[in-house]
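When a residue number appears, it is its place in the shown sequence, counting from 1. What you see is a predicted model, and the numbers here were worked out from it, not measured in a lab. Just follow the structure's listing: the first ligand is 1, and inside any ligand the first atom is 1.
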Amino acid sequence: MRGTMVRGLASAIVALFVSGVAAQDRWCGKSYQANSPLVMPGGRLEPPTRSSTPLLDLKITPRHSIYVASEEGGEFIVDAAISYIHGSPWSASTNDTTKQPDRLKVTIAWQNQTLAMGTVVPGTTDNLFPVDLKTMEPRMEGYPITLTATSRNSDSKYSVTTELFLLPEKSTGSVVKIDNLYGSLLYRNPTTNGVFLPAFPYGFYGDYSGYLNKSASNIEKYVSLGFNAVNVVNSFADADMAATIRTMDRLNLLFQYDMRGSYKNLSSIAWQVPLVKDHPSLLTWYTADEPDGWQDPLDAPKQAYDLIASLDRYHPTALVLNCQNYHFEEYSAGADIIMEDAYPIGINATYSEKWKTACNETFGDCGCDNCEGSVLDVASRIDDFHDYQAWLGGTATRKPVWAVPQSFSIPEDYWSRDPTSEEAWAMDVLALNHGAKARLAWIYPTSDALGSALSRIAKVVTASPVMDFLTGANPALLQDGKDRGLDVAYWKYGGQVLVSVVAPGDSVANVGIALPADVEVTRVVSSPWGGIGWTLDGNTLRAKGGLPSMATSFVILQ
Ligand SMILES: *[C@@H]1O[C@H](CO)[C@@H](O)[C@H](O)[C@H]1NC(C)=O
Ligand SMILES: *[C@@H]1O[C@H](CO)[C@@H](O)[C@H](O)[C@H]1NC(C)=O
Ligand SMILES: *[C@@H]1O[C@H](CO)[C@@H](O)[C@H](O)[C@H]1NC(C)=O
Ligand SMILES: *[C@@H]1O[C@H](CO)[C@@H](O)[C@H](O)[C@H]1NC(C)=O
Ligand SMILES: *[C@@H]1O[C@H](CO)[C@@H](O)[C@H](O)[C@H]1NC(C)=O
Ligand SMILES: *[C@@H]1O[C@H](CO)[C@@H](O)[C@H](O)[C@H]1NC(C)=O
């Protein structure tokens, strides 16, 4: 596989045959070859059993995954959701109408030092508590933080913990952190004048030996198309990347450093991280590429994660999962960012011509695990991952999910054709509507048609005003395309509302999107994407001339 373009799971299978692995080998835990015995895939995450009584799901999370010494203020996010799957028994007094509505008196402390105090309404999330970081010494080790909460009505006490990182200043290269409120990335490097700026990473995995490494002008061209981030499919364990990284530094092309081939070798990680960690354009680390498809050891990503964090706390770590529901808990424990790579276009979701078998939930490989073969598979996979995170609870719930959409040409394999431009845009916008916080497609260079189509949307989502919404707010899904209509989400930011619409099925002649009561708008400000004319009729958004199938559109309202 080395030296040729890596093709994900497809070539993984080929490589396995070449290396003579037994024919019973399984993908996503499934047998995939005709006549091989049915092996029930394990590792499924199921919804937790529901409690019959309400629980208080109290959580505390630092607003930012890390802070550095020069930052004077930080924040904690306090969630006090009433849940039926996670938390501690919540007193029935909440339904006692003779009493005032309950309140939680909360204290946030490090050992005996109180950092913040206040009141939280039970049933709310995303409560912010500012803290003064100047009272704490920057250090590499995390600060154990305790949140204690007391119910005003019942006097019941609750307590949860988290870890705050206040790191020493870093004078070289980039510092990148996750804003846990919105799941977006903030980066600081010599181009940002000492300030942390939000980024919406939009780009591709990039072929190294066949393209990016061939000349700096290939990287310059990629940047000129509007792509602001890249995952170069190469590491120092494969070949010397120094020239490519220097070019990315010069162009401020934010890169995810990919250790797919070496991440299980901890001494290799220990050798590579120091070579890369101080580069200004380093965005994130990348360890396992489809560890679930390959059936890597379940603890391999976590081992790599812990080592990377011990060598460099200044950048988050990502990995991609290929299966719909196969050991999500174990593999996702090894990353701060979870990527999905459902490739649904041009597949036969029910029959594999390649393996001459049917595909179903327990058997077969049709190129996209448990997919339907529609752009909506991308939305479904992102929703699945968010569901699993909610089921797992605790710190898992706020990990950003990133999309790896299909943007390649492999006509001879599972995928009979490329996505059209409209399908590629639809997969991107569906990913945004369902909460993806970055997008790196597989793989660049793509076809000229997709390259220029995706360049157009790249320039929209990576710049103001659209980027401000994507990084500074969370989407609220208003209509789910999986219900067979339009897929509509909105973001509120800076007194305006971005509404994003996809028509994933048939064309829709009369489009009337009723906006919820909390969206108070009176006029259309602009339509930054999609060429659809929108009018506001009371609180209903209408598209002039309807929406063709696969239409995508952004409209900003005020
Ligand atoms: C409290 O009231 C809600 C809404 O009426 C109800 O669903 C819930 O079961 C009640 N909880 C208890 C503990 O009685
Ligand atoms: C607070 O904790 C520190 C460190 O454990 C300890 O030295 C100090 O005596 C404590 N102060 C009080 C008032 O308990
Ligand atoms: C591409 O990578 C190879 C292997 O690391 C290196 O020898 C070569 O100089 C690189 N080419 C360019 C144009 O940087
Ligand atoms: C692991 O990485 C080290 C350091 O790069 C290297 O010397 C060693 O050969 C690698 N081991 C394997 C099994 O690839
Ligand atoms: C999938 O393959 C089966 C068997 O060849 C065929 O009957 C079916 O029409 C195909 N479905 C699609 C969507 O191509
Ligand atoms: C999936 O297909 C296999 C092989 O044909 C069959 O044995 C199994 O029962 C099917 N599973 C489901 C859930 O239909």
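- Under a cutoff of 6.0 Å and an axis angle of 45°, Lys177 and Tyr187 do not form a cation-pi pair.
- Contacts classified as ring-ring contact (aromatic ring centres under 6.0 Å, His included) and involving residues 372-407 (residues at least two apart or in different chains) are given here: Phe328-Phe385, Phe328-Tyr388, Tyr388-Trp391.
- A cation-pi arrangement is present between Arg313 and Phe165, with the terminal nitrogen or guanidinium carbon under 6.0 Å from the aromatic centre and inside a 45° cone about the axis.
- Within the listing of ligand 6, atoms 1 (C), 8 (C), 10 (C), 11 (N), 12 (C), 13 (C) sit less than 4.0 angstrom from a heavy atom of Thr362.
- Ligand-side atoms of ligand 6 in range of Leu38: 7 (O), range being under 4.0 angstrom from any heavy atom.
- Ligand 4 lies under 4.0 Å from heavy atoms of Asn265, Ser268.
- Heavy-atom neighbours of Asn510 CG from other residues, nucleotides or ligands within 6.0 Å: at or below the threshold of 12.
- Judged by the 6.0 Å and 45° rule, Lys277 forms no cation-pi pair with Tyr314.
- Atoms of ligand 5 found under 4.0 Å from any heavy atom of Asn348, numbered from 1 in the order shown, are 1 (C), 2 (O), 3 (C), 8 (C), 10 (C), 11 (N), 12 (C), 14 (O).
- Aromatic ring centres of Tyr222 and Tyr211: separated by at least 6.0 Å.
- Geometrically, Arg260 does not engage Tyr263 in a cation-pi contact, judged by NZ or CZ lying under 6.0 Å from the ring centre and within 45° of the ring axis.
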